[in-house]
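Below is one structure, written out as structure tokens; comments come after it.
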Amino acid sequence: MALKRMDNVGIVVEDLSATIDFFRELGLELEGRATIEGEWAGRVTGVSGQRVEIAMMRTPDGHSRLELSRFLEPPAIADHRQAPVNALGYLRVMFAVDDIDETVARLGKCGAKLVGEIVQYEDTYRLCYIRGPEGILLGLAQELG
């Protein structure tokens with residue numbers, strides 16, 4: 001049996017509403033919000049007694065999803081939000097955009113900060129990293145040509 005697809009990427013946040021607003025501004029659509037709890041959920045994640053508020057965001061093409069989670073119980077135990085790009089583990093999510101300059105300017109109004117600068121890779125892409133709400137690291141890529 002072959003792999004079918006990547007279903008979603010998960011990000012744990014403190015301020016779910018502000019993070020939803022930020023990703024809406026980027027262009028994702030809110031599919032829904034729910035509270036996940038119960039014995040079954042702890043069996044999946046290995047965190048018993050969890051109560052988590054989630055929001056599922058969908059890319060405009062419908063192929064990718066971002067699951068935002070805010071742990072109500074137990075509280076978050078580690079904070080990797082300001083880790084540099086060479087830290088071990090999950091790093092960032094990359095989004096393809098039509099106009100990188102316009103996207104950076106628009107997200108800047110929501111508090112996003114450019115990590116380095118917008119650079120061009122050969123004649124193929126313009127790329128950058130930004131930090132959004134709570135220090136979430138995103139990559140943006142504009143295909144050229």
Please name the residue in the list Q120, R126, E102 that meets the side-chain contact (heavy atoms from CB on, under 4.5 Å) test with Q142.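 Testing each of Q120, R126, E102 against Q142, the sole residue satisfying side-chain contact (heavy atoms from CB on, under 4.5 Å) is R126.
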Before giving the answer on side-chain contact (heavy atoms from CB on, under 4.5 Å), spell out for L140 and L26 the whole-Å C-alpha distance, their side-chain angles and the decisive distance to 0.1 Å. CA-CA 10 Å; L140 301 176; L26 179 60; 4.2 Å; yes
Given side chains that start at C-beta, do those of [X] and [Y] come closer than 4.5 Å, heavy atoms only?
{"X": "T124", "Y": "L144", "result": "no"}
{"X": "L107", "Y": "E25", "result": "yes"}
{"X": "R58", "Y": "L28", "result": "no"}
{"X": "E67", "Y": "V9", "result": "no"}
{"X": "I20", "Y": "L68", "result": "yes"}
{"X": "V97", "Y": "I100", "result": "yes"}
{"X": "I136", "Y": "L138", "result": "yes"}
{"X": "E37", "Y": "V52", "result": "no"}

Audit row: R33, E53, side-chain contact (heavy atoms from CB on, under 4.5 Å) steps and yes/no: CA-CA 7 Å; R33 288 177 78 157; E53 185 181 8; 2.7 Å; yes
Is [X] linked to [Y] within one hydrophobic cluster, defined over Ile, Leu, Val, Met, Phe, Trp and Tyr using a side-chain heavy-atom separation of less than 4.5 Å?
{"X": "L72", "Y": "I36", "value": "no"}
{"X": "I118", "Y": "I130", "value": "yes"}
{"X": "Y129", "Y": "L88", "value": "no"}
{"X": "V13", "Y": "M56", "value": "no"}

Using the rule given for side-chain contact (heavy atoms from CB on, under 4.5 Å), can you reason through L114 versus C128, listing the C-alpha separation, both sets of side-chain angles and the distance that settles it, and then say yes or no? CA-CA 7 Å; L114 200 56; C128 72; 3.8 Å; yes
Which value, rounded to the nearest 0.5 Å, describes the distance between [X] atom [atom1] and [Y] atom [atom2]?
{"X": "S48", "Y": "R43", "atom1": "OG", "atom2": "CZ", "answer": "12.5 Å"}
{"X": "M94", "Y": "Y125", "atom1": "CE", "atom2": "OH", "answer": "9.0 Å"}
{"X": "M57", "Y": "L66", "atom1": "CE", "atom2": "CG", "answer": "7.5 Å"}
{"X": "L137", "Y": "Q82", "atom1": "CG", "atom2": "CD", "answer": "9.5 Å"}

Working note: R65 + E31, criterion salt bridge (charged side-chain N to carboxylate O under 4.0 Å, His left out); need CA distance, chi angles, decisive distance, verdict. CA-CA 9 Å; R65 287 174 176 71; E31 257 187 353; 2.9 Å; yes
Taking all non-hydrogen atoms of both residues, which atom of [X] and which atom of [Y] are closest, and how far apart?
{"X": "A18", "Y": "P133", "value": "O-CG, 4.4 Å"}
{"X": "F22", "Y": "C110", "value": "CD1-CB, 4.0 Å"}
{"X": "P60", "Y": "E29", "value": "CA-OE2, 3.8 Å"}
{"X": "S69", "Y": "I54", "value": "OG-CG2, 3.7 Å"}

Has F95 got more than 12 heavy atoms of other residues, nucleotides or ligands less than 6.0 Å from its CZ?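 More than 12 heavy atoms, drawn from other residues, nucleotides or ligands, come within 6.0 Å of this atom.
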CG/D98: more than 12 non-hydrogen atoms of other groups inside 6.0 Å: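 No, CG of D98 has 12 or fewer neighbouring heavy atoms, counting only those of other groups under 6.0 Å.
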Between D15 and R70, does any NZ, NE, NH1 or NH2 come within less than 4.0 Å of an OD or OE carboxylate oxygen?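 Answer for the salt bridge query: no.
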